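Here is how names work: the chains are called A, B, and so on, in the same order as the sequence lines, proteins then strands, and each is numbered from 1. Please read all numbers here as calculations on a predicted model, not as lab measurements.
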Amino acid sequence: MYRSHYSKEITKTEYNSKVIVAGWVEDTRNLGSIAFLILRDKKGTLQLTILKKKIPELFEKFISLPRESVISVKGLCKENGKVRNGYEILPDSVDILSISETPLPLGVVDKVEADFDTRLDNRIIDLRKPETQAIFKIRNAVLAVAHEYLRSQSFLEIHTPKIIASSSEGGTDVFKLQYFEKEAFLAQSPQLYKQGLMATGLDRVYEIAWYFRAEEHNTRRHLNESTAIDVEMAFIKDEEDVMRILENLVHAMWKRASECTEELDILKKTVTIPKIPFPRLTYDYVVNKIQQRQSPIQWGMDFSTEDERLLGDIMKKEGIDFYFITKYPLESKPFYTMPSGDKYSRGFDLECKGVEISSGSQRIHDVTLLKERLKACNLNPQDFYAYLNAFRYGMPPHGGFGFGIERFLMELLEISNIRECILFPRDRSRLTP
RNA sequence: GCCCCGGUAGUGUAGUGGCCUAUCAUGAAGCCCUGUCGAGGCUUCGACUUGGGUUCGAAUCCCAGCCGGGGCGCCA
């Protein structure tokens, strides 16, 4: 047995008894005849106190261990108020499981900061830091509640193909790949599949999966491989039904994040749970509002990054972090978006502090209208033959949204670089580790 | 796709034409030290992205390449 207790699990009941602990050698402080070794495990750190006169060979073994080596130690747990945890462990024996090479390419507890790039190059070591781990523990927690919430609302979890025959929506660039004798693409979203499933009677589906975008952007807010929560629901009255699910989902995730007190303390962040329902601002209202603030935007144009930021500031002053922008012009939304009159659509975005974290809409379910819209968007209906088939034999009214997980975490934890929010980021230049 | 910026020991940096056989910190190797917790003290080790050019002289100036960061567009 390599471990009887994790560091945090040792309490008064273990004092004066033997324990076995295991983990990484974070630091050693050798004072000559006494040495202190900090051992790190999943739950925290603890101190081993080694006396030379007790077992000289054991002392030598401990002080010669390079940092980040992996060991398992059996010893006596003693109460000691001078030590941070309130106890220390006096080792009887050590099992050296792995000796680390030196020097480390990245120190786990170095006194000098490393560049983000160096951290990513050595991500496995970077992930030994509690503050790096905290992000992924919170990510795990919010995704758990996303599953819980969606399932509670009768959504069925699905998985759609990521290798697809044609670019799904036009718009962003897709990665090409060789699929035996055919050309194929990596999915940029599950859009067309989740819509197709609305014609099956499953009614409510969601997917949490990977998506790929071949855009050559190089910013703090973009990844070429990212994850998203996608939701689609049938028999909706209009897009308002979809927005209600989305705001409840975001609220549940934000609330669960606020309960991750240990991780938030490590990150020195506080999370304020937003009030629902979120305000619905129409596109027209927003255009008018930001024009008053000297934005050059004209009706029909998409909001620029600067425009979004400006609106974020305006809403912040009113104490609002989350808001929907609704009733976008038809031409600024994808072909499958349900029109509302001639000029407008039933598409919406959910913004958080001036950043788009989700977009969705009521979709077109009438195959004739869908073909018209494809043509209007300069797309060839022939290319969407398989997709259109789903609409020919009974398709109910439906809608849904897509929700970027890394973008969400960025806003939740006020992280300035999206690459912090994914274990092994893929960006314009990074393909390893 | 357009535009801007950067590359000095394992890590983070100083250095803007000669004072650089390159600064400091951290690290690593070793020695001293029985209560450390950013331990302390001493010794040692270790670097100018590549190729051209300018110059008496280049880490420093110029050109090209390579590698990287960021802003915008587009989007999540």
Side-chain angles (χ1 to χ4, degrees), chain A residues 26-39 45-54 59 63-64 66-68 78 80-86 88 90 100-122 125-126 169-174 188-191 209-230 301-309 332-334 349-352 355-360 401-411 416-419 421-422 427-430:
Chain A
E26 189 162 283
D27 196 16
T28 51
R29 288 187 279 274
N30 176 13
L31 277 68
S33 299
I34 187 169
F36 305 99
L37 188 148
I38 306 302
L39 191 74
T45 58
L46 57 80
Q47 176 175 295
L48 307 176
T49 303
I50 311 118
L51 286 160
K52 193 176 194 170
K53 67 176 183 196
K54 202 175 155 204
F59 187 86
I63 63 161
S64 60
R67 294 195 303 167
E68 297 305 314
K78 288 278 283 187
N80 189 335
K82 282 188 272 189
V83 185
R84 281 210 178 120
N85 296 22
E88 61 190 349
L90 308 171
S100 172
E101 288 182 29
T102 60
L104 295 166
L106 174 71
V108 178
V109 288
D110 265 5
K111 289 143 196 160
V112 290
E113 267 302 296
D115 287 345
F116 189 39
D117 217 39
T118 307
R119 289 177 44 209
L120 288 180
D121 283 341
N122 302 283
I125 298 177
D126 184 50
E169 302 169 42
T172 55
D173 290 329
V174 291
Q188 60 163 86
S189 102
Q191 184 63 33
W210 293 101
Y211 302 103
F212 309 90
R213 312 236 163 138
E215 293 283 342
E216 294 197 31
H217 33 47
N218 195 331
T219 78
R220 298 170 305 147
R221 312 185 311 282
H222 293 92
L223 291 167
N224 291 290
E225 185 182 66
S226 68
T227 59
I229 303 176
D230 263 274
M301 288 165 65
D302 269 330
F303 300 116
S304 69
T305 304
E306 186 55 38
D307 290 334
E308 285 190 291
R309 214 171 292 153
S332 72
K333 285 286 167 191
D349 284 353
L350 176 62
E351 302 263 326
C352 173
V355 177
E356 181 189 333
I357 60 167
S358 175
S359 69
F401 59 85
F403 179 91
I405 295 166
E406 289 82 22
R407 278 278 175 90
F408 169 80
L409 283 168
M410 248 179 120
E411 293 312 311
S416 63
N417 196 317
I418 197 165
R419 282 165 270 220
C421 302
I422 192 159
D427 60 29
R428 178 68 187 84
S429 54
R430 183 173 290 279

Engineer: Decide yes or no, distance alone: a donor-acceptor N/O pair under 3.5 angstrom between the base of A76(B) and the side-chain of Arg221(A).
Structural biologist: no

Engineer: For G38(B) and U16(B), measure between their C1' atoms and round to the nearest Å.
Structural biologist: 34 Å

Engineer: When you compare the protein's N or O atoms with those of nucleotides 30-33 of chain B, which come within less than 3.5 Å of each other, and at what distance?
Structural biologist:
{"residue": "C33(B)", "atom": "N1", "partner": "Leu31(A)", "partner atom": "O", "Å": "3.3"}
{"residue": "C33(B)", "atom": "N3", "partner": "Asn30(A)", "partner atom": "O", "Å": "3.3"}
{"residue": "C33(B)", "atom": "N4", "partner": "Asn30(A)", "partner atom": "O", "Å": "3.2"}

Engineer: Could you check whether Val83(A) gets within reach of a base, just the sugar-phosphate, or nothing at all, counting any heavy atom under 4.0 Å?
Structural biologist: base

Engineer: Can you tell me how far the CZ atom of Arg419(A) sits from the CD atom of Glu406(A), to the nearest 0.5 Å?
Structural biologist: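 Result: 12.5 Å between the selected atoms.
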
Engineer: Kindly point out which of U34(B), U36(B), A29(B) is positioned nearest to the side chain of Phe36(A)?
Structural biologist: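 Looking only at side-chain atoms, Phe36(A) lies closest to U36(B).
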
Engineer: Do the non-hydrogen side-chain atoms of Asp427(A) and His222(A) ever get within less than 4.5 Å of each other?
Structural biologist: no

Engineer: I want to confirm an ordering. Mapping Glu216(A) and Ala114(A) to their closest nucleotides on RNA chain B, which one lands closer to the 5' end?
Structural biologist: Glu216(A)

Engineer: Given that Thr49(A) and Ser226(A) both sit by RNA chain B, which one's nearest nucleotide is further toward the 5' end?
Structural biologist: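 Comparing both residues, the 5'-ward one is Thr49(A).
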
Engineer: Expressed as a whole number of Å, how far does the P atom of G17(B) sit from that of C3(B)?
Structural biologist: 30 Å

Engineer: For a quick check, with a 4.0 angstrom heavy-atom cut-off, what is the B/S/- contact string for nucleotides 22-27 of chain B, read 5' to 3'?
Structural biologist: ---BSS

Engineer: Dump every N/O contact between nucleotides 41-43 of chain B and the protein below 3.5 Å, one line per pair.
Structural biologist:
none

Engineer: Categorize Arg419(A) for me: base, sugar-phosphate, or nothing, with a 4.0 angstrom heavy-atom threshold over every strand shown.
Structural biologist: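 Touches sugar-phosphate only.
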
Engineer: In whole angstrom, give me the gap between the C1' atoms of G69(B) and U49(B).
Structural biologist: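 The answer is 15 Å between these two C1' atoms.
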
Engineer: Select base, sugar-phosphate, or nothing to describe what Lys52(A) touches, counting heavy atoms under 4.0 Å on all strands.
Structural biologist: nothing

Engineer: In this structure, how many angstroms lie between the P atom of C74(B) and the CG atom of Asp427(A), rounded?
Structural biologist: 21 Å

Engineer: Is there any protein nitrogen or oxygen under 3.5 Å from a nitrogen or oxygen in nucleotides 3-5 of chain B, and what are the pairs?
Structural biologist:
none

Engineer: Using atom names, set out every protein N or O paired with an N or O of nucleotides 6-8 of chain B below 3.5 Å, distance rounded to 0.1 Å.
Structural biologist:
none

Engineer: Assess whether one donor atom and one acceptor atom, taken from the side chain of Glu88(A) and the base of G35(B), lie less than 3.5 Å apart.
Structural biologist: yes

Engineer: Show me the pairs that pass salt bridge (Lys or Arg N to Asp or Glu O under 4.0 Å) and involve residues 113-122 of chain A, at least two apart or across chains.
Structural biologist: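 Output for this query lists Asp117(A)-Arg430(A), Arg119(A)-Asp126(A), Arg119(A)-Glu420(A), Asp121(A)-Arg430(A).
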
Engineer: Can you measure from CZ (Arg221(A)) to CD1 (Ile418(A)) and round to the nearest 0.5 angstrom?
Structural biologist: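 These two atoms lie 9.0 Å from each other.
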
